[in-house]
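What follows is one structure encoded as structure tokens, with my remarks underneath.
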Amino acid sequence: MIEYLKGTLAELQPAAAVVECGGVGYCVNISLNTYSALQQQGEGNVVKVFVEESIREDAHLLYGFTTKAERTLFALLTSVSGVGAATARMILSALSPIELVDVVSTGNERLLKGVKGIGLKTAQRIIVDLKDKIVAVSAEIPAAAGAKAQTVAMSPIAEEAVAALTALGFSPAPSHKVVLAIIGEEPDATVEKVIKLALKRL
């Protein structure tokens with residue numbers, strides 16, 4: 001069982017990263033939350049990624065997270081019937097850990113249903129199965145992370161960019177997440193620039 005990988009960030013893409021440890025490059029599947037965190041640390045630098053393994057008959061996959069809280073949420077999501085690793089990663093790409101905790105604890109099935117591939121029944125099942133379990137995770141999430149997300153979310157530029165992307169046919173939840181990540185990286189970006197960058201990541 002791999003607990004974490006600590007090594008050089010050799011490659012980074014929105015959905016995957018390669019961490020080189022002792023001359024071996026490990027490809028880990030990541031969420032947009034983890035992508036943003038790793039992007040801030042930068043390729044060529046030493047990073048620490050907490051790992052969740054998915055062993056199947058046809059593949060041995062690694063899922064990586066920069067925080068234990070996100071990894072815990074991933075494990076909880078995949079424990080729900082009908083929610084696989086790919087769906088769990090999609091949810092964690094659309095919502096930050098603190099947003100997911102809030103969505104489940106308040107029973108906000110509407111926002112959860114906005115994630116691509118999540119229907120009403122699956123959203124309801126996630127809320128029912130995890131409502132009692134997910135509260136403990138909130139203690140592991142830094143308060144600053146939630147405050148930062150809230151501040152960016154209220155930005156008029158963020159709202160306009162998400163509205164434009166939604167009008168173009170993209171789901172609101174992942175669009176919101178990508179826009180937050182872009183504005184976090186480039187606070188002075190114009191609406192047009194945010195939208196163009198978002199189109200490359202969605």
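Note that the structure is a prediction, hence the values are computed from the model and not measured. One-based numbering along the sequence shown.
- Under the side chain to side chain contact (heavy atoms under 4.5 Å, CB included) criterion, I157 pairs with S155, I183, V191, V194, not counting sequence neighbours.
- For residues 191-202, every residue pair satisfying the salt bridge (charged side-chain N to carboxylate O under 4.0 Å, His left out) rule, not counting sequence neighbours, is listed here: E185-R201, E186-K193.
- Results of the side-chain contact (heavy atoms from CB on, under 4.5 Å) test with L77 over I134, I126, D129 single out I126 as the only residue that passes.
- Hydrophobic clustering (ILVMFWY, side-chain heavy atoms < 4.5 Å, transitive): V162 and L199 are in one cluster.
- Scanning for ring pair (Phe, Tyr, Trp, His ring centres under 6.0 Å) contacts around Y63 gives F74, with sequence neighbours left out.
- Screening V18, N45, L38, V49 for a side-chain contact (heavy atoms from CB on, under 4.5 Å) involving L9 leaves a single residue, L38.
- Side-chain contact between L32 and V178: present, with at least one pair of heavy atoms (C-beta onward) separated by less than 4.5 Å.
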Q.
Is there a side chain to side chain donor-acceptor pair (under 3.5 Å) between Q39 and S36? Walk through the geometry before answering.
A. CA-CA 5 Å; Q39 193 173 49; S36 297; 5.5 Å; no

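- Using a 4.5 Å cut-off on side-chain heavy atoms (C-beta onward), L5 and V28 make contact.
- Residues V83 and V128 do not share a hydrophobic cluster, defined by chaining ILVMFWY side chains whose heavy atoms lie under 4.5 Å apart.
- I127 places a side-chain heavy atom less than 4.5 Å from the side chain of L112.
- One finds no salt bridge joining R125 and E109 here, because no Lys/Arg side-chain nitrogen approaches an Asp/Glu carboxylate oxygen to under 4.0 Å.
- Surrounding CD of E20 are more than 12 heavy atoms belonging to other residues, nucleotides or ligands, all under 6.0 Å away.
- A donor and an acceptor atom, one from each side chain of E70 and T67, are nowhere located under 3.5 Å apart.
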